[in-house]
2 protein chains.
Amino acid sequence: MQKSTPKRPASSAVEDYLERILELINTKGYARVVDIAESLSISQASVTNMVQRLDGDGLLKYEKYRGLVLTTAGEELARNITHRHHLLTDFLQLLGLDAQTIHHDVEGMEHHVSPATVHAIESLTAQLKRQPALLERVRSGAAPARVGRATTAL
Amino acid sequence: MQKSTPKRPASSAVEDYLERILELINTKGYARVVDIAESLSISQASVTNMVQRLDGDGLLKYEKYRGLVLTTAGEELARNITHRHHLLTDFLQLLGLDAQTIHHDVEGMEHHVSPATVHAIESLTAQLKRQPALLERVRSGAAPARVGRATTAL
DNA sequence: AAACAAAGTTAGCCTCGCCTAACTTGCAGC
DNA sequence: GCTGCAAGTTAGGCGAGGCTAACTTTGTTT
Ligand SMILES: [Mn+2]
Ligand SMILES: [Mn+2]
Ligand SMILES: [Mn+2]
Ligand SMILES: [Mn+2]
């Protein structure tokens, strides 16, 4: 156990690293410094530095020149941020946003959504998926119907 | 006009300062360094420093020891972030989240929501407000109805 | 008008997260 | 088993955005 670690909430940077490391492991079987760097558009030197910090924080095991593996704590955190990422992406896709906007916004928002909010958006998403008509109105930017104004006009 | 300023997007910190300054001006008529500091839980020294930066960026006019006023550009930015804040707050309230969670999440998310997403969430919010039944299901965390399972059970 | 407190400023420092340049290690190919 | 390149690391540095401590200015009080 990592003692005397006050367990501050992980920073956005830490979450982004862990998320990407897990993704690399899941798709390539391993996560090398060079791959992480490429994938995050960050220098190898910066990755090495962060990896050493994450090792110190007990989120992964790192052996110089040899590679790294996520610890249980690290993988848990990685799975958690991944879940937030997917949920928000799913939600924004429902709203009809373009892929680029979605990616940009999700990449930032994912770090600020607390568990209760995750749960609420999951619930909302599930409900919305059974309301295609409502979603259609959202996507078309339909204003709330007002008496005396055509809502289907061009 | 502020020439030779490449106009990087405002940082989260800058947006938080501007939002708070506008709020102070709207409620007290002015925004002193000490008030901004108190309101953001930041030292007066840090506020002075940031205010000087914002002056340099043309977002406010600052006279040493004398006070500050937002420029047109600054007020525009302030109104914009304020709008995002209110929209997200409104949206999360609809989902039935508690005030504390809402404040925490909004304070972070507001800096990462692009115009298209703002528009989509506005649209969604408007639609949701006319769907009290759906919202009730969201708030109660109802799973999508499944045949053979009671959805109203305790 | 002198003194005092509150507000504001400056100086110096820190952490985070990034960078480049230079060096070291590991691994293939020969 | 050299050798050369790719991968990895270290060293040094930078900007953002915080902090505290010490100083200055302003405004109020007497
Ligand atoms: Mn991210
Ligand atoms: Mn992500
Ligand atoms: Mn904020
Ligand atoms: Mn805000």
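As a basis for the values below, the full set of heavy atoms in this structure was taken, side chains included, without hydrogen atoms, waters or symmetry mates. So you know, we letter chains A, B, ... as the sequences are listed, proteins then strands, and number each from 1.
- Looking at B:D90 and B:K129, a side-chain N of the basic residue comes within less than 4.0 Å of a carboxylate O on the acidic one, giving a salt bridge.
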*Give the C-alpha distance, both sets of side-chain angles, the deciding distance and a yes or no for salt bridge (Lys or Arg N to Asp or Glu O under 4.0 Å) between B:R79 and B:E76.*
CA-CA 5 Å; B:R79 287 192 187 287; B:E76 207 157 312; over 6 Å; no
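- Residues B:E122 and B:H83 bring a donor and an acceptor atom of their side chains to less than 3.5 Å of each other.
- The stretch residues 27-35 of chain B touches DNA chain C through B:R32, B:V33, B:V34, each having a heavy atom within less than 4.0 Å of the strand.
- Using a 3.5 Å distance cut-off with no hydrogens or angles, the side chains of A:R53 and A:N49 do not pair a donor with an acceptor.
- Rounded to whole Å, the distance from CG on B:D57 to P on D:dG15 is 15 Å.
- Ring pair B:H112/A:H111: centre-to-centre distance not below 6.0 Å.
- The distance between atom CD of B:E38 and atom C1' of C:dA7, rounded to the nearest whole Å, is 14 Å.
- For B:Q52 and C:dT10, the shortest distance from a side-chain N or O to OP1 or OP2 is below 4.0 Å.
- A side-chain donor-acceptor contact under 3.5 Å links A:R20 to the backbone of A:S39.
- With A:V106 as the partner, the side-chain contact (heavy atoms from CB on, under 4.5 Å) test is satisfied by one option alone out of A:L97, A:T89, A:L87: A:T89.
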*Under 4.0 Å protein heavy-atom contact, by nucleotide of nucleotides 13-26 of chain C - B base, S sugar-phosphate only*: ---SSBBBB---SS
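- Distance B:D55 CG to C:dT9 P: 11 Å, rounded to the nearest Å.
- Side-chain contact check for B:T117 and A:D105: at least one donor-acceptor pair (N or O, by modelled atom type) lies under 3.5 Å.
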